[in-house]
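Notes to accompany the following structure.
For the single chain, residues carry numbers from 1 onward in sequence order. Keep in mind the model is a prediction, meaning the values are calculated, not measured. As the structure lists them, so they are numbered: ligands from 1, and atoms in each ligand from 1.
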Amino acid sequence: MDIDLAQHLRARRRLRSTKERAGLVTCSLCLRVRQGSEWRAAEHVIRELRSYELEAPPRLQSAVCEDCAESILSRRVAEESHVEAA
Ligand SMILES: [Zn+2]
């Protein structure tokens with residue numbers, strides 16, 4: 001029983017450290033990854049973090065980058081004005 005608990009706690013600690021080490025925010029549209037205030041190509045980030053060497057794959061949190069948000073908004077505005085004109 002004591003051993004089970006120790007194993008359980010160790011597994012939880014490992015899970016937490018993996019999460020802290022590798023939580024990445026990615027844009028769901030262009031697939032770039034946020035690093036600080038920049039959005040960078042996934043292949044650069046993967047090479048830099050060497051995420052393929054991690055015990056568990058990095059946790060990804062999906063978001064939309066400013067560029068993609070901007071293009072969605074401008075497309076939406078263009079569509080609306082097209083509908084108004086028709
Ligand atoms: Zn994007």
Closest heavy-atom contact between S74 and S71? OG-O, 3.2 Å

Between C27 and C65, which heavy-atom pair has the shortest distance, and what is it? SG-N, 3.4 Å

I need the full list of side-chain hydrogen bond (donor to acceptor under 3.5 Å, both in side chains) pairs touching residues 29-38, with sequence neighbours left out, sorted by first then second residue. R32-D67, Q35-R40

Please round to the nearest 0.5 Å and tell me the distance separating atom CG of L49 and atom CG of L24. 6.0 Å

What protein N/O/S atoms are there under 2.8 Å from the Zn ion (ligand 1), waters excluded? C27 SG, C30 SG, C65 SG, C68 SG

If hydrophobic clusters are built by linking Ile, Leu, Val, Met, Phe, Trp and Tyr wherever their side-chain heavy atoms come under 4.5 Å apart, do V45 and L60 end up in the same one? yes

Identify which one of V33, T26, V25 satisfies the side-chain contact (heavy atoms from CB on, under 4.5 Å) criterion when paired with W39. V25

